[in-house]
Number of protein chains: 2
Amino acid sequence: MARESTTSVDVAKLAGVSQSAVSRVFTPGASVSDRTVEKVRKAAQELGYRPNSLARAMVSGRSRIIGLVVAYLNNQFYPEALEKLSAALQERGYHVLVFLTEKTQGDVNQVIEEILGYQVDGIIAASVALSSELADRCRAEKVPLVLFNRSQDDPGLASVTSKNYSGGRTVAEFLIAGEHKRIAHIAGWEGASTQRDREAGFMDGLSEAGVTLHARGVGNFQADTAADAAREMFKADEKPDALFVANDHMAIAVMDVLRDELQLKVPEDVSIVSYDDVPAASWKGYNLTTIRQPADLMVNSAVDILLEQIADKNAGHLWNRTGMKAPKIEIEAPLILRGSARIPEGWDNEGV
Amino acid sequence: MARESTTSVDVAKLAGVSQSAVSRVFTPGASVSDRTVEKVRKAAQELGYRPNSLARAMVSGRSRIIGLVVAYLNNQFYPEALEKLSAALQERGYHVLVFLTEKTQGDVNQVIEEILGYQVDGIIAASVALSSELADRCRAEKVPLVLFNRSQDDPGLASVTSKNYSGGRTVAEFLIAGEHKRIAHIAGWEGASTQRDREAGFMDGLSEAGVTLHARGVGNFQADTAADAAREMFKADEKPDALFVANDHMAIAVMDVLRDELQLKVPEDVSIVSYDDVPAASWKGYNLTTIRQPADLMVNSAVDILLEQIADKNAGHLWNRTGMKAPKIEIEAPLILRGSARIPEGWDNEGV
DNA sequence: GGGGAGCGTGAATGCGCTCTCTGCCATTTT
DNA sequence: AAAATGGCAGAGAGCGCATTCACGCTCCCC
């Protein structure tokens with residue numbers, strides 16, 4: 001039951017110093033003489049001692065653990081983000097504790113409670129919507145929280161997204177410039193802010209040019225649902241000649257349906273533009289023209305503002321206390337031109 | 001600094017009971033009267049109390065945290081496994097703390113040390129090789145360890161893999177039955193047991209039929225390295241007419257090179273068979289004939305033996321103490337027939 | 001009606017550590 | 001030479017909880 005690992009007391013005994021001295025040796029920036037450091041390190045080495053992070057967390061109140069809430073990983077954007085997040089945090093001495101959740105509100109609540117039980121120093125919530133009580137809960141516990149790839153109105157909630165609105169708008173402009181006549185949209189999950197923003201930008205782009213949407217389906221960010229939506233949409237006599245699919249993951253499934261089941265050519269018969277630029281988007285088998293969400297930049301940004309909040313908390317002035325607004329970062333999202341959509345004259349991959 | 005969260009003492013005070021009583025209420029299977037439970041629950045609710053997992057871990061010696069070591073996530077097999085692992089563990093009341101590592105020995109060592117510092121209840125090491133000192137280290141600390149998708153000779157090391165040898169062998173038999181004449185191999189990382197086993201099975205399958213390998217390249221399980229290997233391999237006059245690529249991730253990159261750069265047709269000019277059956281393998285754009293590593297089964301197996309070890313440890317009889325051998329599970333790995341390789345007569349997807 | 005048996009409870013202990021506080025000594029200042 | 005300074009070590013107080021122990025209570029059976 002009891003783990004008989006060596007403790008700082010053992011090391012202290014062997015090194016002939018006090019336990020406090022051992023602690024200080026393993027605390028960066030503590031005041032210890034070189035001689036003590038040497039003695040302690042030697043003894044620690046000998047006994048295979050390593051400080052117990054949990055005990056340290058208990059007393060110091062900082063666990064150096066970041067809770068990551070994530071809903072699904074089949075969309076390749078998330079594994080990529082997870083890897084980069086984890087790497088970035090690890091570099092700064094933090095680690096990621098993973099919590100999977102359904103998108104359902106109740107489940108998220110329960111998961112957050114569980115996370116708080118682990119005394120995490122901060123939370124990153126990727127692609128989940130939080131109830132405002134939940135946000136309050138974290139605020140009360142003083143656990144900084146950053147939304148990743150989702151945004152919410154709550155001014156106290158920090159978030160990092162790409163410029164979804166302008167991304168969607170760019171797609172509209174691009175497709176119109178390409179002289180497409182029947183432009184359709186396959187949406188993701190309509191509860192997601194990313195979906196709403198992308199679509200809003202897209203629709204505004206269309207209507208500003210006096211173009212109306214030819215058709216609309218819902219894919220819920222899932223491959224098979226998107227495939228079904230595509231099948232349904234292409235049953236019509238007037239088939240779309242251009243498609244804005246709300247992310248790459250769905251676009252790939254849609255493309256499979258179009259090319260493989262319906263014998264349509266992309267981009268000759270129908271142009272496809274999507275969103276994310278996951279690794280698979282650049283594979284030649286799909287070669288998707290897509291809006292890039294720069295995972296690195298988004299991750300770095302999220303980590304930065306999270307750690308900043310953590311630091312600030314210790315200094316005692318939180319946004320939410322001072323009434324300052326939490327940052328809502330929006331990362332530039334360029335259109336990457338590839339082969340899945342007709343390219344109008346004058347458009348090119350500037351500087352990408 | 002100090003987090004002013006409510007503690008069991010606060011709850012006890014409000015409920016008019018002792019702190020021990022509160023603790024017992026939150027300890028499944030402890031002996032408490034219904035009346036006490038009710039009082040305590042009510043008070044806890046009121047104060048928003050939730051037991052501190054870290055403190056609990058400290059005193060009980062069990063953190064309910066599993067350390068997951070993983071080298072990279074760009075191969076889609078790993079995100080999938082990670083998600084399933086995390087879900088399976090979460091269901092059993094555990095959580096995953098992620099540690100990324102380079103494949104280099106030194107880095108792995110350091111990471112494992114760090115993990116041990118977190119007092120994890122167990123470790124799952126995915127696709128990393130461990131030095132035997134490291135394994136000893138975990139043994140000394142009594143932290144159960146399971147290798148995932150890698151195996152090692154050390155009889156005390158539990159591992160879960162697919163039947164790599166027989167998988168490789170099946171590929172050989174399949175390609176020979178398909179009457180391919182110039183069969184080549186693009187290997188993964190040669191330090192990986194999976195690579196060695198797959199290739200050993202493959203080579204044995206070839207030589208048993210009196211066939212010699214036409215060419216061999218090394219892709220290190222990385223897309224661009226594999227692409228380079230393919231380019232190199234197809235410079236020759238006598239180009240391969242069949243390719244066993246050591247995993248899907250590389251196979252996709254290779255296929256891009258063959259079709260897009262070299263204008264070769266798959267499977268007409270060259271058949272490709274790979275390994276893993278990641279989600280992308282079944283996308284119509286690639287439609288890979290591949291050996292399936294059933295992620296679910298592998299994950300469940302890994303979780304089972306890990307938790308079993310954890311339970312056994314508490315009971316006091318470890319494999320490594322009793323000299324019993326740790327299990328080395330090998331999951332059946334069927335060949336999934338799709339479109340990237342010529343299908344010989346008489347072969348079909350039996351029961352898949 | 002006395003002695004177990006059995007359950008529920010509270011006081012107390014300590015998990016391994018950080019951090020404050022005090023005291024010592026060596027060095028500097030006046 | 002006396003006083004002030006600063007650097008460093010050790011003692012001690014917890015962090016929030018699970019767990020042991022001993023005690024009181026009820027119930028039951030001879």
- [ ] Look at the side chain of A/Thr161 and the backbone N and O of A/Asn149, then say whether any donor-acceptor pair between them is shorter than 3.5 Å.
- [x] no
Open item on the list: Determine whether a donor-acceptor pair (one donor, one acceptor, N or O, separation below 3.5 Å) exists between the side chain of B/Gln19 and the base of D/dA18.
Closed with: yes
Task: Difference in axis direction between the ends of the helix from C/dG1-D/dC30 to C/dT30-D/dA1, five pairs, 10° - done: 40°
Open item on the list: Salt bridge or not between A/Lys328 and A/Asp153? Use side-chain N to carboxylate O under 4.0 Å.
Closed with: no
TODO: May I ask you to say what A/Phe26 touches in the nucleic acid, namely base, sugar-phosphate or nothing, with a heavy-atom cut-off under 4.0 Å?
DONE: nothing
Open item on the list: Below the 4.0 Å mark, does C/dT18 have OP1 or OP2 next to a side-chain nitrogen or oxygen of A/Ser23?
Closed with: yes
Open item on the list: Using a heavy-atom cut-off of 4.0 Å across all strands, would you classify B/Val32 as base, sugar-phosphate, or nothing?
Closed with: sugar-phosphate
Task: Test item: B/Ser159 side-chain N/O and B/Ser151 main-chain N/O as donor-acceptor pair under 3.5 Å - done: no
Task: Which nucleotide in C/dG16, D/dT19, D/dC17 has an atom nearest any side-chain atom of A/Thr7 - done: C/dG16
Task: Quiz item: B/Arg35 side-chain donor-acceptor pair to C/dG8 base, under 3.5 Å - done: no
- [ ] May I ask you to decide if B/Thr7's main-chain N or O and B/Asp10's side chain share a donor-acceptor pair within less than 3.5 Å?
- [x] yes
Task: Side chain of B/Thr36 - closest among C/dG8, D/dT20, D/dC17 - done: C/dG8
Open item on the list: Is A/Tyr118 close enough to D/dG16 that one of its side-chain N or O atoms is under 4.0 Å from OP1 or OP2 there?
Closed with: no
TODO: Can you see which heavy atom on A/Ala125 is nearest to which on A/Leu145, and at what distance?
DONE: CB-CD1, 4.4 Å
Open item on the list: Whether B/Ser8 contacts D/dC17 is assessed here as follows: a side-chain N or O lying under 4.0 Å from the phosphate OP1 or OP2. Is that the case?
Closed with: yes
- [ ] Using only heavy-atom distances, decide whether a donor-acceptor pair under 3.5 angstrom links the side-chain of B/Ser20 to the base of D/dA18.
- [x] no
Open item on the list: If you assign each of B/Val59 and B/Val17 to its closest nucleotide in DNA chain C, which residue comes earlier from the 5' end?
Closed with: B/Val17
Task: A/Met58 CE - C/dC15 P separation (whole Å) - done: 13 Å
TODO: Round to a whole Å and report the spacing from CZ of A/Arg24 to P of D/dC8.
DONE: 10 Å
Open item on the list: How many whole angstroms separate atom CG of A/Asn52 from atom C1' of C/dG16?
Closed with: 6 Å
Task: Nearest-nucleotide pick for B/Tyr49, side chain only, options being D/dC17, C/dC17, D/dA9 - done: D/dC17
TODO: May I ask you to check whether over 12 heavy atoms, not counting those of B/Lys13, lie within 6.0 Å of atom NZ?
DONE: no
- [ ] For the side chain of B/Ala55, starting at C-beta, report the closest nucleotide among D/dG16, C/dG16, D/dA9.
- [x] D/dG16
TODO: Would you tell me if any nitrogen or oxygen in the side chain of A/Ser60 comes within less than 4.0 Å of OP1 or OP2 on C/dC17?
DONE: no
Task: Shortest side-chain distance from A/Ala21, nucleotide among D/dC17, C/dG16, D/dG10 - done: D/dG10
- [ ] Quick one: label A/Ser33 by what it contacts on the DNA or RNA (base, sugar-phosphate, nothing), any heavy atom closer than 4.0 Å.
- [x] sugar-phosphate
